[in-house]
Amino acid sequence: MEFDKNKIKLKIAISKIKEENDIVMGNKIKNIIKTVFTATIGIALSTGMVFAGSKVIENIWKKPEKIEDITYEITEESQNENITEEKSKEIAINKLKEIGFNSNIVSTNHYKEIDSNKIMYRFKTEDNYEISINRQTGEMYDIWNWNNNIQDESIEISENEAIQKANEYYKLFGFKEGEYEISKVYSNNKTGSGVGNGFMIDITYSKKYGEIYNPYESISISIESQNKDFDCFRVENIPFDNNETIITEEQAIQIALEEDKKIETNKVIETKTKKMIVKMNANAYDRIHNKDKYYEAVQTVNFPTESRNYYNVENKVRNAWVVVLTYEDNFGDDIVKRHTEGQYSYFVDTTTGEIIGGAIKDYIYSAR
């Protein structure tokens, strides 16, 4: 019966909005809309679903489960979740042959992520290249060129020349024209400007959805200036949900502000939003539930990796409103706190309105 009462309240509120709208469009109606929205979101989140017209959309965020036994050790469980070393080596050899590289493997190395069972295998070739295979997906992750590990920073290459060279490698590695677009070019140079000529230029290609680039379906190619060769070629390929946008920008801001009330922070003096493609994470959850340890980890030099909190979160990439909250500066002379606690970015799912992650500082700026 409680749900029916809320529906009745919602209908009454909506009828009031219509009456006000017929009279005047002003601040009063905006306040009513905000009230109705807050009530609706509260009902939706408590019932585990979102109502969008005639559609019922289930929530995608699940309470993260803390990982207690974190380890870099390759366990029997992690072995079972990954393809064999032999199969990984076969994939590496075939890829090297496909792109015309020497496929003679002379050494093997591997590592496991501390907070998952994903294992990466690295195979070094006779020609001093190193190829990494993701043993969970069976896909190439990157290739490093160790022939150019001493970079002469006095030699520069132009952005245009670097892009032309990167395009050649893009085709060599079998990617189709138009499948990815250049989304970012960064020049490593002595001025630190990030643009113009540089001794190493990083070119990022990404898949584009509408007007938004997906950083998790991307190719990164670094071109060095000394031999005009690639330094590193890396592929990121996490499937994208491409979920629809139901939540408005204004609603996302209100959701972030309501979430932020759960934690003691300085007064919010500014908000900034942008629709972006993000990967779900437990940062906002950990910050709410373990604030002191959360900030201790980011503010302490050489904080022990094994002492951080790790959680199991689904490997989902979603459309989200990134809402950056800027707080009143009450940090005095504490530069570290100002740098890490002066802003916080919430990831608000554009379909469900759930908080699906977050990041310290201005994520919109740092992800450019």
Side-chain angles (χ1 to χ4, degrees), residues 60-82 109-122 132 134-137 141-142 215-216 220 234 236 238 256 259-266 276-318 320 322-327 331 334-349 354-367:
I60 51 97
W61 177 255
K62 297 177 177 63
K63 181 181 177 181
E65 179 185 347
K66 190 173 180 182
I67 303 172
E68 299 297 345
D69 300 320
I70 57 169
T71 178
Y72 286 115
E73 181 184 351
I74 295 179
T75 62
E76 183 177 350
E77 181 184 1
S78 60
Q79 287 279 19
N80 292 336
E81 288 187 21
N82 291 264
N109 194 3
H110 62 266
Y111 71 92
K112 186 187 83 68
E113 292 184 344
I114 192 171
D115 59 341
S116 80
N117 283 327
K118 183 170 77 176
I119 300 172
M120 302 291 288
Y121 258 96
R122 293 171 173 166
S132 299
N134 181 335
R135 280 186 55 183
Q136 277 191 331
T137 64
Y141 176 61
D142 62 21
Y216 300 98
S220 300
R234 175 168 292 167
E236 188 86 18
I238 302 177
E259 182 74 2
D260 205 61
K261 289 179 182 178
K262 298 177 184 177
I263 186 170
E264 184 181 345
T265 60
N266 290 340
M276 302 176 71
I277 296 172
V278 304
K279 186 169 177 284
M280 283 172 50
N281 65 55
N283 291 342
Y285 177 88
D286 191 35
R287 178 174 176 259
I288 291 290
H289 293 86
N290 306 284
K291 179 187 174 184
D292 290 343
K293 186 174 181 179
Y294 178 86
Y295 279 113
E296 181 187 6
V298 298
Q299 293 170 351
T300 305
V301 177
N302 297 324
F303 188 85
T305 303
E306 62 277 7
S307 297
R308 295 175 182 270
N309 288 332
Y310 296 93
Y311 298 86
N312 274 321
V313 178
E314 286 190 75
N315 200 30
K316 284 184 173 290
V317 175
R318 306 269 295 179
V322 176
V323 182
V324 183
L325 306 184
T326 299
Y327 303 107
F331 302 106
D334 197 328
I335 298 173
V336 173
K337 278 199 170 187
R338 179 180 293 109
H339 184 67
T340 54
E341 297 184 41
Q343 293 177 307
Y344 197 78
S345 301
Y346 286 99
F347 301 169
V348 181
D349 192 275
E354 298 167 281
I355 304 289
I356 61 170
I360 61 169
K361 302 188 288 187
D362 184 342
Y363 185 82
I364 296 173
Y365 177 83
S366 61

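Sequential numbering from 1 along the given sequence is applied to the chain's residues. From a predicted model like this one, the values you see are computed outputs, not experimental measurements.
The side-chain heavy atoms of R122 and Y111, taken from C-beta on, include a pair separated by under 4.5 Å. Side-chain contact between Y327 and E341: absent, with no pair of heavy atoms (C-beta onward) separated by less than 4.5 Å. At least one side-chain heavy atom of R338 sits under 4.5 Å from a side-chain heavy atom of I335. By the 4.5 Å heavy-atom criterion applied to side chains, I360 and Y294 are counted as neighbours. Proximity of I356 to K316: side-chain heavy atoms (C-beta onward) are nowhere separated by under 4.5 Å. For the pair K361 and V324, the minimum side-chain heavy-atom distance is 4.5 Å or more.
Atoms CD and NE2, from Q299 and H339 in turn, are 10.5 Å apart once rounded to the nearest 0.5 Å. Rounding to the nearest 0.5 angstrom, the gap separating the CD atom in E314 from the CE atom in M280 is 5.5 Å. Note that the CG atom of D115 and the OG1 atom of T305 stand 10.5 Å from one another [nearest 0.5 Å]. Rounding to the nearest 0.5 Å gives a distance of 9.0 Å between CD1 of I119 and CD of E81. Between the CG atom in N312 and the CD1 atom in I67 there is a gap of 4.0 Å [rounded to 0.5 Å]. From D142, atom CG reaches atom CD of E236 across 10.5 Å, with rounding to the nearest 0.5 Å.
The shortest non-hydrogen separation linking Y295 to T340 is CE2-O, 3.4 Å. Pairing each heavy atom of R287 with each of I263, the nearest pair is O-CD1, 3.2 Å. Scanning both residues, G358 and N283, for their nearest heavy atoms gives O-ND2, 3.0 Å. P64 and V313 get closest at one heavy-atom pair: CB-CG2, 4.2 Å. Counting all heavy atoms, side chain and backbone alike, K112 lies closest to E73 at CE-O, 2.9 Å. When all heavy atoms are compared, the tightest approach of V278 to Y216 is C-CE1, 3.9 Å.
Taking the six-membered ring for Trp and thresholds of 30 and 60 degrees, Y285 and W61 have ring planes inclined between 30 and 60 degrees apart. The aromatic rings of Y121 and H110 sit tilted, their planes meeting at an angle between 30° and 60°.
Heavy atoms from other residues, nucleotides or ligands lying under 6.0 Å from NZ of K293 number more than 12. The environment of Y365 atom OH is sparse: at most 12 non-hydrogen atoms of other residues, nucleotides or ligands sit within 6.0 angstrom.
Every residue was checked against the side chain to side chain donor-acceptor pair (under 3.5 Å) condition with Q136, not counting sequence neighbours, and none meets it.
Among residues at least two apart or in separate chains, side chain to side chain donor-acceptor pair (under 3.5 Å) pairs with a member in residues 63-72 are K66-N309.
No side-chain donor from either of Y344 and D260 sits under 3.5 Å from a side-chain acceptor of the other.
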